[in-house]
Amino acid sequence: MRIFLTTTIASLALMTGAAMAQDAPSIDKARVDEAIAAGFARAPDDWKPRLTPDETMEQCNASRNNPPDNVFEEIRKRAEASIKYPDDGVLMGDWKKGEALAQSGYGMRFTDYPAARENGGNCYACHQLTRTEVSYGTLGPSLLGYGKLRDFSDEAVKAAYEKLYNPHAAFPCSMMPRFGVNAVLTIDQIKDIVALLMDRESPVNE
Amino acid sequence: MLKSRFSVLAVGLASSVALAAALGPADAQTDEETQRGLERFRQMLREDPWSNPALLDADRGEMLWSEPRGPRNVSLEECDLGKGPGVVAGAFAELPRYFEDAGRVMDVETRILWCMENLQGFDAAELTARPHPGGGQPVKEIGAIATYVANQSEGIPFQAKLDDEHGREAVALGEALFSRRSGPFDFSCETCHAASGQRIRLQELPHLSNPEEAREVVGEWPAYRVSSTHVMTMQHRMYDCYWQMRMPQLEMGSEASVALISYLVSMADGGDVKAPSIKR
């Protein structure tokens with residue numbers, strides 16, 4: 001009964017929210033872009049590209065991250081085509097370096113220039129990864145035992161690499177950053193994080 | 001007396017936070033200890049609301065409001081926050097709102113900035129060049145005045161005057177900005193604030209498009225932020241979120257900043273103003 005009631009209240013709240021959204025005047029894209037340009041008016045020229053969503057983000061924004069089937073497929077294919085692999089085909093690096101990258105949230109904020117160290121992946125901000133690190137976020141799924149749960153297979157190594165490089169190849173409009181295609185991390189750094197997830201010795205798989 | 005007691009609290013807390021930072025996140029127990037320390041600190045503050053250091057900034061803000069200042073050497077007592085020139089009590093709870101004289105919707109900080117420019121003759125470009133304090137620095141003048149003004153609405157439910165053409169447009173623009181993803185991390189406000197019970201690391205994230213949660217937290221700003229030992233205003237909160245999102249510096253008083261605040265306050269409508277509160 002209580003569950004039923006809670007659900008009812010929750011759906012009522014959602015309906016009210018939706019009704020309110022419908023009453024609001026619609027704001028066209030040009031109007032939003034103009035407010036963004038003025039809101040960051042003092043941004044240096046080399047920062048301006050950050051203000052404009054690229055084609056994929058444009059499609060995700062337009063559909064509130066829930067694209068129709070044809071756009072979903074378009075995003076997925078574009079993401080697939082964007083992935084670059086290491087020349088030697090080796091997709092796993094050093095899990096210890098991966099762990100340090102998973103801890104670090106450094107990089108690309110306006111206080112991070114000139115860069116004092118390499119960019120981090122900041123995986124722990126959103127994911128649980130190891131038992132020893134209890135300060136982890138929950139915006140993304142737990143990755144505890146990631147490699148072990150996938151039998152340390154080569155396919156899973158490749159999938160992890162691709163997920164880090166461009167998550168839209170697996171899940172169009174994923175909330176996760178595109179670490180490779182947006183040049184947040186280098187190919188070597190991505191390999192280190194793949195090792196953190198997939199190496200048998202990694203604390204992720206303890 | 002007040003000051004010395006606060007110092008003891010602050011030093012105790014600062015050292016536990018510093019300890020946590022020094023030991024690094026690998027030390028599991030330290031995070032829990034820090035959390036417990038924070039909760040103890042907040043509890044002590046609740047028991048003695050006068051020990052909130054933000055009230056010192058509210059006092060400073062009151063002086064800045066009433067003293068003749070700026071090139072024209074006048075006070076802000078002719079500044080109309082929406083309830084008539086010089087009326088501060090209850091004004092914050094009705095902001096943001098549309099101001100005829102300025103021809104736009106303004107939140108408290110944008111309105112104070114406007115009054116400092118148009119009544120006192122200050123240079124707005126100068127005031128907004130570095131509008132927010134760095135860690136350990138006290139909140140800037142506009143923020144101190146905003147803390148005073150907000151505190152003068154404490155306990156009053158938000159009833160922002162956003163239900164006219166201009167207000168509705170500001171809220172709609174804010175909502176559009178709230179979900180707009182861009183930048184190298186593809187983040188929008190919704191990345192972190194569109195669901196309940198989620199965290200970044202151990203920090204809990206409010207679901208801000210949910211009125212119930214918005215009512216809990218939006219009225220807490222401006223707030224004393226323990227980790228940076230100063231008052232953080234709502235404009236500063238927006239600026240800091242965009243910093244985290246890897247976006248450039250958000251202009252204080254820009255239409256985008258006011259629209260986002262309008263959207264948040266519209267979600268928090270009916271929730272009490274609790275400013276200044278205390279944050280991690």
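Throughout, a chain's letter reflects where its sequence line sits, starting with A, and its residues are numbered from 1.
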Student: Minimum heavy-atom separation for Met108(A) to Phe185(B), with atom names?
Tutor: SD-CE1, 3.9 Å
Student: For residues Gly39(A) and Ala256(B), report the shortest heavy-atom separation together with the two atoms involved.
Tutor: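 Distance-wise, the nearest heavy atoms are CA-CB, 4.3 Å.
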Student: For a 4.5 angstrom cut-off between non-hydrogen side-chain atoms, does Arg246(B) reach Arg50(A)?
Tutor: yes
Student: Mind checking whether Met175(A) and Arg181(B) have side chains closer than 4.5 Å, heavy atoms only?
Tutor: yes
Student: Can you check whether Thr56(A) reaches Asp186(B) side chain to side chain, under 4.5 Å on heavy atoms?
Tutor: no
Student: Identify the two heavy atoms, one from Asn61(A) and one from Ser179(B), that lie closest to each other, and give their separation to 0.1 Å.
Tutor: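 The pair with the smallest heavy-atom distance is OD1-O, 3.5 Å.
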Student: Just so I know, are the side chains of Arg31(A) and Glu255(B) near enough to count as touching, which here means a heavy-atom distance under 4.5 Å?
Tutor: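 Contact flag for Arg31(A)/Glu255(B) side chains = yes.
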Student: If every non-hydrogen atom of Ser182(B) is compared with every non-hydrogen atom of Pro53(A), which pair is closest and at what distance?
Tutor: CB-N, 4.0 Å
Student: Tell me if a side-chain donor or acceptor on Arg180(B) pairs with a main-chain N or O of Asp33(A) at a distance below 3.5 Å.
Tutor: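 Checked: no pair found.
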Student: Chain B contacts: which residues in residues 195-206 of chain A have a non-hydrogen atom closer than 4.5 Å to it?
Tutor: none
Student: Closer than 3.5 angstrom, by distance alone: can the side chain of Ser135(A) be matched with the main-chain N or O of Arg201(B) as a donor-acceptor pair?
Tutor: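 No; zero donor-acceptor contacts below 3.5 Å.
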Student: Are the side chains of Tyr136(A) and Arg199(B) in touch, meaning some heavy atoms are under 4.5 Å apart?
Tutor: yes
